[in-house]
Amino acid sequence: MRRFLIISLLTLMVTQGFPQTKLRHISNTSLLQDGDLMFCLSGKPDAITDVSHGIDGMGINHVAIFHKDNNGSYAIEAIHKGVCINPIDSFIKSNIVDEYNGQIIIGRINRGSIDIPKSIHNALKYIGRPYDFYFEPGDSAIYCSELVQISFVDRKGQLIFHTIPMSFHDKSGEITVFWKEYYSKAGMTVPEGVQGSNPGELSREPKIKMLYIITHWGN
């Protein structure tokens with residue numbers, strides 16, 4: 001009972017303010033469809049959530065693509081070891097530590113504007129690419145929201161998500177100390193305003209409807 005009350009409270013805290021629909025709490029993949037997007041909410045602020053804002057101001061720091069085939073369910077994602085495909089159980093457990101740290105919100109792209117098989121095929125062909133630690137456009141490395149942005153196409157083969165000016169600044173408009181030092185150590189300039197993407201901005205895309213929330217996994 002105590003666990004149920006904690007999960008219910010967390011669900012209310014995370015879902016309040018979502019205008020699109022009331023999120024349904026789930027603990028398995030039975031309702032997920034191929035091509036759904038899995039947005040990860042950090043348990044506490046980090047360098048990404050400090051400079052980007054998810055839907056309704058939520059701290060979203062990662063996004064992955066749900067994929068299901070005859071062998072099981074997976075997350076196609078770009079993480080520090082590169083673009084890879086992981087069993088869904090591993091993905092969930094790596095992003096939800098406990099009831100207090102981490103939640104995952106499931107978003108579904110308007111099915112009338114997307115070619116799911118082609119989009120999944122596009123994402124799968126990037127497996128093995130290195131992770132883009134410096135979020136540079138046009139190179140061979142790929143970061144999480146970039147994988148989504150360059151993979152999803154409509155029925156005419158056109159990309160459905162467009163790039164946006166990247167943000168490395170906080171609410172005051174100043175580039176944060178973290179990102180200044182991060183790029184300085186690499187001998188680079190912070191790519192403020194360069195075209196790119198981030199998972200928070202992607203979560204606010206009108207083509208995506210938020211449907212479910214995961215705060216724990218399994219029974």
Side-chain angles (χ1 to χ4, degrees), residues 20 23-24 26-42 48 52 54-55 58 60-96 102-133 135 137 140-155 157-164 196-214 217:
Q20 298 91 336
L23 298 181
R24 177 176 176 180
I26 59 172
S27 59
N28 59 62
T29 63
S30 63
L31 296 176
L32 271 61
Q33 296 181 9
D34 212 23
D36 282 351
L37 298 180
M38 300 181 286
F39 293 94
C40 301
L41 280 68
S42 58
I48 293 177
S52 63
I55 186 168
M58 298 203 174
I60 294 173
N61 62 2
H62 183 55
V63 61
I65 303 164
F66 178 75
H67 175 49
K68 185 175 184 179
D69 61 21
N70 293 332
N71 296 314
S73 299
Y74 307 91
I76 308 172
E77 57 182 334
I79 53 179
H80 285 184
K81 68 178 182 180
V83 180
C84 55
I85 181 167
N86 291 314
I88 196 65
D89 284 351
S90 297
F91 170 78
I92 298 291
K93 291 175 182 177
S94 67
N95 286 284
I96 297 181
Q103 297 92 34
I104 297 172
I105 294 177
I106 308 300
R108 182 164 298 159
I109 303 168
N110 186 325
R111 277 351 196 209
S113 63
I114 184 174
D115 185 333
I116 291 293
K118 179 61 177 178
S119 298
I120 293 296
H121 173 78
N122 288 343
L124 290 172
K125 74 182 182 183
Y126 292 117
I127 289 177
R129 289 282 192 93
Y131 183 76
D132 191 347
F133 287 94
F135 314 105
S140 62
I142 297 173
Y143 55 95
C144 71
S145 56
E146 181 183 23
L147 177 63
V148 174
Q149 191 268 316
I150 63 178
S151 296
F152 281 82
V153 294
D154 62 21
R155 301 183 192 282
Q158 301 298 309
L159 293 174
I160 66 172
F161 299 124
H162 302 292
T163 58
I164 59 166
S197 67
N198 68 66
E201 180 76 22
L202 185 64
S203 74
R204 306 203 306 268
E205 167 61 51
K207 296 185 181 73
I208 301 171
K209 183 177 182 179
M210 299 301 178
L211 298 175
Y212 309 115
I213 183 170
I214 303 172
W217 192 240

Please test Ile76 against Tyr126 for side chain to side chain contact (heavy atoms under 4.5 Å, CB included), starting from the C-alpha separation and ending with a verdict.
CA-CA 10 Å; Ile76 308 172; Tyr126 292 117; over 6 Å; no
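- Applying the salt bridge (charged side-chain N to carboxylate O under 4.0 Å, His left out) test to every pair with at least one member in residues 70-80, sequence neighbours left out, gives no pairs at all.
- With sequence neighbours left out, the salt bridge (charged side-chain N to carboxylate O under 4.0 Å, His left out) criterion links Lys68 to no other residue.
- Taking NZ of Lys93 as the start and CD1 of Ile88 as the end, the distance is 11.5 Å to the nearest 0.5 Å.
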Steps toward side chain to side chain contact (heavy atoms under 4.5 Å, CB included) verdict (Phe39, Met210)
CA-CA 10 Å; Phe39 293 94; Met210 299 301 178; 3.6 Å; yes
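- Put simply, CD1 on Ile160 and CD on Glu205 are 7.5 Å apart, with the number rounded to the nearest 0.5 Å.
- The OG atom of Ser52 lies 8.5 Å from the CD1 atom of Ile164; values are rounded to the nearest 0.5 Å.
- Within the 3.5 Å criterion, the main-chain N or O of Phe161 finds a donor-acceptor partner in the side chain of Gln149.
- Checked against side chain to side chain donor-acceptor pair (under 3.5 Å), Arg204 has the following partners two or more places apart in sequence or in another chain: Glu201.
- In this structure, Ser119 contributes its side chain and Val153 its backbone to a donor-acceptor pair below 3.5 Å.
- Side-chain contact between Ile79 and Cys84 is present, with at least one heavy-atom pair separated by less than 4.5 Å.
- Looking at heavy atoms from C-beta onward, Ile114 lies out of side-chain contact with Lys207 at the 4.5 angstrom threshold.
- Qualifying ring-ring contact (aromatic ring centres under 6.0 Å, His included) partners for Tyr143, counting only residues two or more places apart in sequence or in other chains: Phe135.
- Residues Cys144 and His62 share a closest heavy-atom pair of CB-ND1, 3.4 Å.
- Counting heavy atoms from C-beta outward, Phe91 and Ile104 have side chains that approach closer than 4.5 Å.
- Taking CD1 from Ile150 and OG from Ser197, the interatomic distance works out to 9.0 Å, rounded to the nearest 0.5 Å.
- In this view, Phe66 satisfies the ring-ring contact (aromatic ring centres under 6.0 Å, His included) rule with no residue, not counting sequence neighbours.
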Checking Leu37 against Ile106 for the side chain to side chain contact (heavy atoms under 4.5 Å, CB included) test, could you report, in this order, the C-alpha distance in whole Å, the side-chain angles of both residues, the deciding distance, and whether it holds?
CA-CA 6 Å; Leu37 298 180; Ile106 308 300; over 6 Å; no
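- Note: Ile65 CD1 to Leu147 CG = 4.5 Å, rounded to the nearest 0.5 Å.
- With hydrogens and angles ignored, the 3.5 Å screen pairs no side-chain donor or acceptor of Ser151 with any backbone N or O of Val148.
- Within the 4.5 Å cutoff, the side chain of Ile105 has heavy atoms near those of the Met58 side chain.
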For a side chain to side chain contact (heavy atoms under 4.5 Å, CB included) check, start with the C-alpha distance between Ile48 and Asn198, then their side-chain angles and the critical distance, and finish with the verdict.
CA-CA 9 Å; Ile48 293 177; Asn198 68 66; 5.6 Å; no
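- Note that CD1 of Ile142 is 8.5 Å distant from CG of Asp132, once rounded to the nearest 0.5 Å.
- Residue pairs meeting the salt bridge (charged side-chain N to carboxylate O under 4.0 Å, His left out) criterion with at least one partner in residues 110-127, sequence neighbours excluded, are Asp36-Arg111.
- Counting heavy atoms from C-beta outward, Met38 and Ile214 have side chains that stay 4.5 Å or more apart.
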